[in-house]
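Structure, as structure tokens:
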Amino acid sequence: MQREIERDAGCAMRDAALPFPTRIARVLRRIIGAPDYAAYLEHCRVAGHTPKLSEEAYVAEFFEAKGKGVRCC
Amino acid sequence: MNRLLSLLVWGGISALGAAAFGVLALSRGETVNAAWLLTAAVCSYAVGYRFYSRFLAARVFGLDDRRATPAERHNNGRDFVPTNKWVLYGHHFAAIAGAGPLVGPVLAAQFGFLPGTLWLVIGVVLGGAVQDFTILFCSLRRDGKSLGQMAKEEVNPAAGATAMLAVLFIMIILLAVLALIVVNALKASPWGLFTLGCTVPIALLMGWWMKRWRPGKVGEASAAGAVLLLGALVAGGWVAGQPHLAPLFTHSATTLTWMMVAYGFIASVLPVWMLLCPRDYLSTFLKITTILVLAFAILVILPPLKMPALTPFATLGEGPVFAGKLFPFAFITIACGAISGFHSLVASGTTPKMIARESDARLIGYGGMLMESFVGVMAMIAACTLDPGVYFAMNTTPAALAQASQALGQAGFVVTPETMQALAARMGEATLVARSGGAPSLAVGMAQIFASATGALGGGGRTLDALWYHFAIMFEALFILTTIDTGTRVGRFMLQEIVGHVWPRFGETSWYPSVIASSACIVAGWGYFLYQGVVDPLGGINSLWPLFGISNQLLAAVALCVGTTILIKMGRQRFAWVTLAPLAWLVTVTMTAGWQKVFSADPRLGFLAHAASLAGSTSRDAARLIFNDHLNTFVALLFMVVVAVLIVTSVREWWLVLSKRKLAAVHETPYVETGYATGD
């Protein structure tokens, strides 16, 4: 059980502390592959480094990377 | 006690699945309810997932949750992000599910509902899901490397180059086929063309919203886009009824072809945020919603299947939809939904970079593919609920229909012109005859299911037929256009990379002359095949869909070769059969289909026989048709040679490793203990 809790703390289950609508929005964003700047800032805070990208730069880079992905037939 | 309960539950599920298969296989002449088809499929998926995927995860791959995944080791909050497995399951499914699992089963319904369903269910459990799971596992252990990189490192550089070429070929044929489906669905359809045309300005507006006005606010922009889209759908019906507006949106297949080519080129050179991203979000929302609604509607009404289990065309090989017998063409026609090589690109793309723990790969890789197969089964149900006479009238050219009229009459598949006119009027179309490509017949099937479900739930019922039909057409066309956007762009990147080896400047993906030239080359490639499919009497789905199936299965063969090589190098050769068995089947099917498409003496089937039949023709189109036959022959032979090269190089590698002439060195990233796990 301890292992499960600590493992989940490293991924999406960390969102459990967020309000329900925010959690739903975050889940939907991840499913459709949409940018989530708040999650990026949260990652930087947990990792202990200052964010390198502004929101505009983050969104631009995210969309550019999406254009290189493959969509199946 | 738990063990006994588990035994009882799984024994019950297995018995129910077997009983459902028994009903499907033994019913002859009487109507079968779609519930049996759904039961057989769902029980097989459950048993396959519970037992076979567990065996793969534990015994074959040895998934280890103590091992840190690339998402954990390289977590950067952007592309490497540890993600909840259910969220990633949805993300992966949205990336792998497109038009393929919807269209293939509709076309294969010409053999009856049984062959396609069996292939969808058995193929996915033993082949397609295994391929996706294997490649996901391999990429997961290699920092999310692509299929081409793994082929180069684990097999040899020749296999890597083969994989890259295979992807480029499949991309060109795939885009031509998908564009052809859209063209056939929109020709002479002002409602459809108006609605789809509106998606371009809607996507541009969404792009501006997400990039400039409210950066990153995808949800808001998508909600606005969805409302506008539904408005365009309703407005399309009004436009089609206006005598002065309808002609502006009524075009022939040839005109639509040029529109598609222009669209593909523009979409490829425009910035990603402007058209590609917003359209992708819109189509993803629509895709997931529609598939869920279709599943619900089928469960509500449980429609009877009007198509028989087997039609005479399974053995005659003279089907009016496409030529060729059940073997090998049912297995080429249904690729996505059973086994699709294209999935190996997604499974070695974004997904492995987001997996939080190794055991999640089972649900995402194996389970995701099972869900795609279920979509294929729903498409099969939608097609088989149509009256067979209507199905064949819609999916056949008038000439092919006349040729097959005797066989159709003997099988009892008759339809009157009045029936087709009444159906077209109900769907808001001028005609539904000879609307091949699968999309229109799927749309009619879906419209009838939706209308019955809304009727059963107290809604509008059949009064909404036309709206549902055009909704289904828009749903299919929208994500086909998304695939055309992304496919042309990915093809462009590949061409830039290939030419960049000899001319480095060309390889710069942001250098505009290179962007324009490479986009033009890719668009010209698929545009030519599309044009050929539109203007040639025996072209179109008859010749292009088998080429697409062969090329897709070729890519699956590449993936399974890579998977087998890695298993052998890992010392798991006793389990190599899990990938070798589907590989052997695919090679048999691909080679047989390729051989028949080239060398069959039947002009409807063999390219060379068709060219020979035109040799003495005085028609001014004869020279062009002969050229197209020779081009298709070249493409089919090229695919076969590529498969042969790949198999030979892989078998050589296996032999060297197994005979200990070569060190079995796998290129896995070194083991790192996960930081999340502290217990046990």
Side-chain angles (χ1 to χ4, degrees), chain A residues 1-16 18 21-73, chain B residues 65 71-72 75-79 81-84 87-88 90-91 94-100 174 177-178 210-211 215-216 218-219 222 272-273 276-277 280-281 284-285 288 335-336 340 342-343 345-346 349-350 356-357 479 482-483 486-487 489-490 493 548 552 674-680:
Chain A
M1 180 59 78
Q2 173 69 14
R3 179 180 168 182
E4 287 300 308
I5 292 167
E6 296 212 4
R7 177 185 301 284
D8 285 339
C11 59
M13 291 305 161
R14 182 174 57 210
D15 303 343
L18 297 169
T22 313
R23 278 164 62 192
I24 294 290
R26 183 163 284 188
V27 165
L28 279 176
R29 268 191 222 113
R30 286 194 176 135
I31 288 177
I32 65 165
D36 190 343
Y37 191 62
Y40 170 69
L41 292 180
E42 172 71 5
H43 158 76
C44 292
R45 192 187 61 75
V46 171
H49 55 71
T50 48
K52 291 177 186 165
L53 300 171
S54 66
E55 184 164 13
E56 286 76 11
Y58 169 82
V59 170
E61 190 178 289
F62 194 97
F63 285 160
E64 204 54 44
K66 198 171 174 67
K68 290 176 181 155
V70 180
R71 277 280 182 263
C72 191
C73 47
Chain B
D65 276 350
E72 183 187 344
N75 187 355
N76 58 7
R78 285 173 284 167
D79 42 352
V81 183
T83 304
N84 175 280
V87 174
L88 189 52
H91 175 88
I96 62 172
L174 161 81
V177 172
L178 293 181
M210 295 189 302
K211 180 75 166 43
V218 172
S222 299
V272 176
W273 62 266
L276 189 149
C277 279
D280 188 55
Y281 291 129
T284 302
F285 275 125
I288 292 175
C336 308
S340 166
F342 221 89
H343 291 190
L345 304 182
V346 181
T350 53
R357 55 183 157 192
F479 62 71
T482 306
T483 308
T486 51
R489 191 173 287 263
V490 169
F493 289 141
F548 159 61
N552 199 354
T674 175
Y676 303 148
T678 53
D680 55 24

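So that the names make sense, note that chain A is the first sequence line, chain B the second, and so on, each numbered from 1. Computed from a predicted structure; not experimentally measured.
Contact annotation for A/Phe62: only side-chain heavy atoms (C-beta onward) come within less than 4.5 Å of a heavy atom of chain B. Only the side chain of B/Ile288 comes within less than 4.5 Å of a heavy atom in chain A; its backbone stays farther off. Contact of A/Leu41 with chain B is not made at all, since no heavy-atom distance falls under 4.5 Å. With a 4.5 angstrom heavy-atom cutoff, A/Ala34 touches chain B via backbone and side-chain atoms both. With a 4.5 angstrom heavy-atom cutoff, A/Ala25 does not touch chain B via any of its atoms.
For the residue pair A/Ile31 and B/Val87, the shortest heavy atom distance occurs at CG1-O, 3.5 Å. Taking all atoms of both residues into account, the shortest heavy-atom contact from B/His91 to A/Arg30 is ND1-O, 3.1 Å. Smallest separation of non-hydrogen atoms from B/Lys211 and A/Ala60: CE-CB, 4.0 Å. In terms of heavy-atom proximity, A/Glu55 sits nearest to B/Pro215 at OE2-O, 3.5 Å.
For the atom pair NE2 of A/His49 and CG of B/Asn76, the computed distance is 8.5 Å after rounding to the nearest 0.5 Å. The structure places OG1 of B/Thr284 at 11.5 Å from CG of A/Leu28, a figure rounded to the nearest 0.5 Å.
When each of B/Phe285, B/Trp273, B/Tyr281 is scored by its heavy-atom pairs under 4.5 Å with chain A, the top score falls to B/Tyr281.
In this structure, the side chains of A/His43 and B/Asn75 come closer than 4.5 Å at one or more pairs of heavy atoms.
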